[in-house]
Amino acid sequence: NENIDGQSIESLTDEKVKVGDLGKTITRLAPMGNVMVNGFVIEARSTGEYMSENTEIVVVKIDNAKLIVKPKNI
């Protein structure tokens with residue numbers, strides 16, 4: 001078992017995570033899950049795609065303290 005400490009996007013300033021930043025899924029997104037962006041573990045929602053663990057992602061939107069991501073290759 002592995003402990004994962006996450007942060008809400010509310011606790012992150014714009015300088016830490018912003019639209020266009022790259023990251024990787026650390027859990028499956030179906031469509032919610034956890035991602036690693038700029039060294040931070042954050043709960044995120046996909047733009048609709050289900051994504052496997054270790055998928056490269058890009059941040060496309062930060063909406064009402066929610067991180068919205070899509071696969072990097074789309």
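These figures come from a predicted structure and were not determined experimentally.
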Decide yes or no on side chain to side chain contact (heavy atoms under 4.5 Å, CB included) for Val69 and Met51, but give the supporting numbers first.
CA-CA 10 Å; Val69 301; Met51 290 182 255; 4.1 Å; yes
Rounded distance (nearest 0.5 Å) linking atom NZ of Lys24 with atom CD1 of Ile57
10.5 Å
Locate the shortest heavy-atom distance separating Pro31 from Tyr50; write the atom from each residue and the value.
N-CE1, 4.3 Å
Applying side chain to side chain contact (heavy atoms under 4.5 Å, CB included) to Glu53 and not counting sequence neighbours gives none
Please walk me through it: do Lys18 and Asp21 pass salt bridge (charged side-chain N to carboxylate O under 4.0 Å, His left out)?
CA-CA 6 Å; Lys18 60 188 179 305; Asp21 284 349; 3.4 Å; yes
Go through Asn38 and Lys16 one step at a time and tell me if the side chain to side chain contact (heavy atoms under 4.5 Å, CB included) criterion holds.
CA-CA 7 Å; Asn38 299 337; Lys16 293 181 181 175; 5.7 Å; no
Heavy-atom closest pair (Glu49 atom, Ser46 atom, distance to 0.1 Å) is O-OG, 2.6 Å
Once side-chain hydrogen bond (donor to acceptor under 3.5 Å, both in side chains) is applied, do any residues pair with Ser52, and if so which ones, sequence neighbours excluded?
none
Reported CE-to-CG distance for the pair Met36 and Leu22, which is rounded to 0.5 angstrom:
14.5 Å
Has the side chain of Thr25 got a donor or acceptor atom that lies under 3.5 Å from a matching backbone atom of Asn54?
yes
Mind checking side chain to side chain contact (heavy atoms under 4.5 Å, CB included) for Val60 and listing every partner two or more places apart, or none if nothing turns up?
Thr47, Val58, Ile68, Lys70
For Leu29 and Asn34, work out which heavy atoms get closest and say how close.
CD1-O, 3.9 Å
Shortest non-hydrogen pair, Gly23 vs Val37, comes out as CA-CG2, 4.3 Å
